[in-house]
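One structure is given here, and the rest of the page talks about it.
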Amino acid sequence: MLEICVYGRGGQGGVTLAELVAHAAISEGKHAQSMPSFGPERRGAPVLAFLRVSGQEEGRIKIRAEVVEPDVLVVLDPGLLQVGSVVSRLKKSGTAVVNTKKTHEAMKSKFEGEGGGGEGVKRVAKVATVDAMGIARAVLGLPIVNTTMIGALVKATGVVELASLEEPMQERFGKVAAKNVAAMKKAYEETEVS
Amino acid sequence: MKKQKRVGLEGSFAVAEAVRMANADVISAYPITPQTHIVERLSEMVADRKLDAEFICVESEHSAMSACVGASAAGARVFTCSAGQGLELMHEVLYIPSSMRLPVVAVVANRALSAPLSVWCDHSDAMAVRDIGWIQMFAENNQQAFDLTLCAYRVAEDREVLFPAMVHIDGFYLSHVIEDLVLPDEEEVAGFLPDYEHPFALDPAKPVSMGCYAPPFIYPETKKAQVVAFEGTRPKILEVWKEFGEVFGRDYAPVEEYKMEGARVALLTMGSCSETAMLAVDELRAEGGDGAEATTGLVRLRLWRPFPFKEFREAVKDLEVLVVLDRAVSFGMGGPVCSEVRSALYGCEEAERPKIVSFIAGLGGRDIRVEEFKFMIRQALKEKAEEKAEEKAEEKAEEKAEEKAERGEEIEAEMIGVRE
């Protein structure tokens, strides 16, 4: 089972990201569970969403509690790397998927040393970076990075097939689904992982 | 059984889908977190003509249930849903359909009660409505939220039942979680749930009165009749669940067991934490070696009202220790489920009933993790071992009277996972 935390700000669509990937995984025959961490919904406040995906053969996902030690942390806003202890929850063997304007090397170096890249940021096995904000602005014309970051998540983890997201996005966004799919694909291509 | 469609659905949408397939005639509800998505989805379905129903926008939950009472009395298949404070505001009217034998179906997305304000899950709202005379069931995942909503209609509307039914789905843990479930074939649902016809529906051509004034010379008789009829629903509930299993391949029972063969100690849970508890049972069995921990099992109360005395006693008869989890507090009385469990076992011989250890956890949306369930079992086993040692010492001293007086202290429920 892969446990994913999506760390964003209210209004960035982190909960929707988790839901779309859950739908994609289920459509592939996998088991999935998306769970919001529900709080006062304020734009800009840090928000967590949780996602679990497991293979068909692994059986139903039974745990019903927040993800405490994620395998993957998706950071929608790089400013959040400095906020709170969420980043430190990531497993050492885990993957950080970060929306950043910085170069891949610069972001990767933040995760090299214990606590070097801000409070709680520690060494992790894999870092994936993409300028999701740039892509979202260019393709969607909006500063909302959730669907773009799905492309980065898929590139970094292979949790689902990219194509499996088209139907959930169609269902969710209707007319603007195509743009979101395009932003996701562009991010998939541009994401650097190492 | 025809082909079932595997989908990812939020618990709230699963409930709305069940109501749509049940082809409800009247929906009257007031939105409140965490139940809101059910109402929103249903209003969309009605607006999009995917469900041919009257959607009554009311100004409060009190009115929501009042409208359901009226519509049900007129012979409509009705639905409402609420949570927490909303259910409390509805409270006064909840007794009406059960006394007037109207098969209203309601779903509650369980939520804590104020103050302090909490929109998150616990069972305070459910416990506050335990005596309203409704059939009540608890779902532990989104599949069950769907299935039990359908079953609720079938049970409630049975001519030999005609009582309202309530399905409890934990707020957020089910209402806002998307997970995989299967949706049955719609024709098969229609076959399972035939059109509803109330035998005494309001009709100007054949006037009847319902729920009118009852002075002392008749009120107790009406209540006696209600008690007898409510007790009589038990076999029907079993029958409906049996048929549901035959048609759709998923079996439900008033008390459901997990790894109870040879179990000496068990957890008792209701609602969405039950699957997490299963993981704890698996781990304890794997790690327990030769100890009592390795014989841990789990019982879940699927049916809460009428309380399944017989099935419950049968499920726990071989246990040495039963750990009861409450997700609510009865102030001055401990855990409300635990009180009922104790009372259900009171008639058994002392030697034949398990030691009961009460825990309260998961209030106001606090997660109950696998580790906490394991702690409960280990703590309970420790208490049991200490008690055995004490009993031995006391046997020697023959201070039986004093021992009995101290027993009452056991009523204290331990609240776990709470900072001092």
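Reckoned from all heavy atoms, side chains included, excluding hydrogens, waters and symmetry mates. Every chain is numbered from 1 and lettered A, B, ... according to where its sequence line falls, protein lines coming before strand lines. Just so it is clear, the model here is predicted, and its values are computed rather than measured.
Counting heavy-atom neighbours within 6.0 Å of K179(A) NZ, excluding the residue itself, gives a total of 12 or less. Around the CD atom of E287(B), the shell of radius 6.0 Å holds more than 12 heavy atoms that belong to other residues, nucleotides or ligands. For F172(B), the CZ atom sits in a packed shell: over 12 heavy atoms of surrounding residues, nucleotides or ligands are nearer than 6.0 Å. For E171(A), the CD atom sits in a loose shell: 12 or fewer heavy atoms of surrounding residues, nucleotides or ligands are nearer than 6.0 Å. Within 6.0 Å of NZ in K185(A) there are 12 or fewer heavy atoms belonging to other residues, nucleotides or ligands. Under a cut-off of 6.0 angstrom, the local environment of NZ in K102(A) is sparse, with at most 12 non-hydrogen atoms contributed by other residues, nucleotides or ligands. At most 12 non-hydrogen atoms from other residues, nucleotides or ligands lie less than 6.0 angstrom from CD of E167(A).
Taking CD of E140(B) as the start and NZ of K62(A) as the end, the distance is 9.0 Å to the nearest 0.5 Å. With values rounded to the nearest 0.5 angstrom, M278(B) atom CE is found 8.5 Å from R60(A) atom CZ. The distance from atom OG of S54(A) to atom CG of D180(B), rounded to the nearest 0.5 Å, is 7.5 Å.
Residue Y173(B) touches chain A through both its backbone and its side chain, counting heavy-atom pairs closer than 4.5 Å. Heavy-atom distances place the side chain of V68(A), and not its backbone, under 4.5 Å from chain B. For I61(A), the part lying near chain B is the backbone, with the side chain staying farther off; criterion is any non-hydrogen pair under 4.5 Å. Residue V7(B) touches chain A through its backbone alone, counting heavy-atom pairs closer than 4.5 Å.
Residues of residues 19-32 of chain A placed with any heavy atom under 4.5 Å of a heavy atom in chain B are listed by number as E19(A), A22(A), H23(A), I26(A), G29(A), K30(A), H31(A), A32(A).
With chain A as partner, the option from L174(B), D170(B), N141(B) having the largest number of non-hydrogen pairs under 4.5 angstrom is N141(B). Ranked by heavy-atom pairs under 4.5 Å with chain A, the list R366(B), H176(B), R369(B) is led by H176(B). Counting heavy-atom pairs closer than 4.5 Å to chain A, the top-ranked of the candidates N142(B), V177(B), I178(B) is I178(B).
Residue pairs meeting the side-chain hydrogen bond (donor to acceptor under 3.5 Å, both in side chains) criterion with at least one partner in residues 32-42 of chain B, sequence neighbours excluded, are E10(B)-H37(B).
The two residues R64(A) and S272(B) make their nearest non-hydrogen contact at CD-O, 3.2 Å.
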